[in-house]
Amino acid sequence: MKSPPPTAGTFVSLAIVVIALAGLGYLMPGLSRTVIESFIYATLVVGLGVFVGNTGIVSFGHASFAMIGAYGAAWFTCCEGMRQVFLPGLPDIIAAINLPLPVAALVGMGIAAVVAMFAGAVLLRLNGVAASIGLLSFLFMVKTIYENWDGWTSGQSSLVGLPMEVGIAQAAAGLIFVLCLALIYQGSASGLLVRAAREDEVASRSAGVRVWRERLICFTLSAAITALGGVMFAHYLGSISVVQFWLDLTFLTLAMLVVGGRNTITGAVVGALVITSLRDGLRTLENGVPTPFGIAEIPEGVQEIALALLLLVVLVARPRGITGGREFNFFR
Amino acid sequence: MNLLSVKGLSVRYGPIIAVRHLDLDVDVGEIVCLVGPNGAGKSSSTLAIAGALLPSAGTIHLDGKDIARQPAERLAMAGVSLVPEGRRIFGRMTVQDNLIAACLPGRRPFDDPEIFSLFPILRERMGQFAGLLSGGEQQQLAIARAMLRKPRLMIVDEPSLGLSPRFVDIVFGALRQLRNQGVSLLVVEQSARRALGLADRIYLMRSGEVVMTGRSGSLAQDPEFEAAYFGKEAAR
């Protein structure tokens, strides 16, 4: 049998893993929450990884795109008839439209992509650490805007009443969709050129690579993918608030990416699965698990410490992440 | 006929002047070497000419058109290829992807038979990560990548740096072959002896300025050339 091109092989391999985990979630209802959350985190981290892995620029700004996507979709799905009560600033035309979740998700992704295109046009003229700090400033700006844009976001309070339509199947479908997008990009001409610029900017420019343009394409796609993660998060929890998309999420997703391996899509997925499972396991223990010998319990806060330790161990022992910089592929 | 004509080029890094009023020409189909000791301003000059560094003063004309403030990627499309110092290949990409990356802008075919006849080793290494190649192989890859752009002017910064004599011969042989095909080359070289063997004309730089220039044949006979290289008062 002729082996398929590597990105196709990786896509099929990862999709099989996702479907297998989804099946596990259905068979063992106790695990379904962990499965859904890990799929959602994986979507967010794949979005982050498309940018960080291919450009080599660490982004502290991607949580903004999850938020922009989540609110963008919520404007079209939220609160049956009560929408303008919660969001009095919404124009009548938006308030009157109820979109099914997949369509609303595409709208959220589109809004995030447009914002990314404008923000990236400015920020991506910076390089390396300067770009990372520029993206952090972007995170602060977007957060402040959304916190004070009461009529559209209900400001500092939560927006509740979103349809909780994201279950195992929807989360798996969303993740598989973004894996497809991310791997198509990985194998594309733009993906190759942006990685050449990551390796050596001067040499790539001298080969004719328009670095800024290729980075902007990469940034826009990664923002759209991250936005879908935000949409899924919102419609899994049923409510959103600005603080959900703040520094905790920024550093959690970055930790997932680093632990899994930042230069590969497989790394993004593995990091999200491993850390979500670890966190959920420890959270269960923090709440106490009854055993025949009494209640097994660990002090609160252990999950944060365990996450930090895991991050340190990976950085020291496997600086390229658990996956070691390789894409997963059954067909190789 | 001048392909490249540089007049009064100055490059500064903040208060430090790296290049002062450089005048330099490269004719069609000749190899011009910039020679000089460390810190003479050779690399800064080539980076400025290739558009990777903004000059503080001066004009740079390619075929009569002013290119002094054009970015490197536009110059690459106009036929200027830079092989930067230190074999800056794309290390975590395969040899093949290195070559493809050079061909995508402008959509050129990447498996040019000429490249592989000059550098047969690259064909054997196609699937390997470029960062795992030996120094000499990396330099061949860097030059192959620049050749794929079919440049009219190729700027090569210290191609012999850290290479064994055998690889220097391979690389210099390729540069001569390019010249014979009508490509103009501006080559930075630290060793005066190697430059004399390669170049048609030489510019000798010291402390940011050209101190001597002439055809290799005549400079090779000139006792003052060596003295100027080492900065001694010209011996009489």
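Computed over heavy atoms, backbone and side chain alike; hydrogens, waters and symmetry mates excluded. As the structure is a computational prediction, the values presented were derived from the model and not from experiment. Chain naming here is simple, since letters A, B, ... match the order of the sequence lines and numbering starts at 1 in each.
- Counted by atom type alone, A/His62 and A/Thr253 present zero donor-acceptor pairs between their side chains at under 3.5 Å.
- In this structure A/Phe140 satisfies the ring pair (Phe, Tyr, Trp, His ring centres under 6.0 Å) test together with A/Trp246, sequence neighbours excluded.
- Neither the backbone nor the side chain of B/Val83 has a heavy atom closer than 4.5 Å to any heavy atom of chain A.
- Across every non-hydrogen atom of A/Gly120 and A/Leu216, the tightest pair is C-CD1, 3.5 Å.
- Heavy-atom distances place both the backbone and the side chain of A/Leu192 under 4.5 Å from chain B.
- Heavy-atom distances place both the backbone and the side chain of B/Ala101 under 4.5 Å from chain A.
- Smallest separation of non-hydrogen atoms from A/Ser59 and A/Phe51: CB-CD2, 3.9 Å.
- When heavy atoms are compared at a cutoff of 4.5 Å, B/Ala102 approaches chain A by way of both its backbone and its side chain.
- Nearest heavy atom pair, residue B/Leu122 against residue B/Ile115, reads CD1-CG2, 4.4 Å.
- Smallest separation of non-hydrogen atoms from A/Ser132 and A/Ile57: OG-CG2, 4.0 Å.
- Of the atoms belonging to B/Pro71, heavy atoms from both backbone and side chain fall under 4.5 Å from chain A.
- In this structure, chain A has no heavy atom under 4.5 Å from any part of B/Leu75.
- In B/Met126, the CE atom is crowded: over 12 heavy atoms of neighbouring residues, nucleotides or ligands sit closer than 6.0 Å.
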Apply side-chain contact (heavy atoms from CB on, under 4.5 Å) to the pair A/Leu252 and A/Leu307, showing each step before the final yes or no. CA-CA 9 Å; A/Leu252 180 61; A/Leu307 173 59; 3.8 Å; yes
Between chain A and chain B, which N and O donor-acceptor pairs fall under 3.5 Å? A table would be great.
from, atom 1, to, atom 2, distance (Å)
A/Glu199, OE1, B/Gly91, N, 3.2
A/Glu199, OE1, B/Arg92, N, 2.9
A/Glu199, OE2, B/Arg92, NE, 2.9
A/Glu199, OE2, B/Arg92, NH2, 3.1
A/Asp200, OD1, B/Arg88, NE, 3.3
A/Asp200, OD1, B/Arg88, NH2, 3.2
A/Asp200, OD2, B/Arg88, NE, 2.6
A/Arg205, NE, B/Glu73, OE1, 2.8
A/Arg205, NH2, B/Glu73, OE1, 3.4
A/Ala207, O, B/Arg149, NE, 3.4
A/Ala207, O, B/Arg149, NH1, 3.1

A/Phe138 vs A/Phe65, ring pair (Phe, Tyr, Trp, His ring centres under 6.0 Å): CA-CA, chis, key distance, verdict: CA-CA 10 Å; A/Phe138 172 74; A/Phe65 297 121; 5.3 Å; yes
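- Contacts between B/Ile155 and chain A at a heavy-atom distance below 4.5 Å are absent for every atom of the residue.
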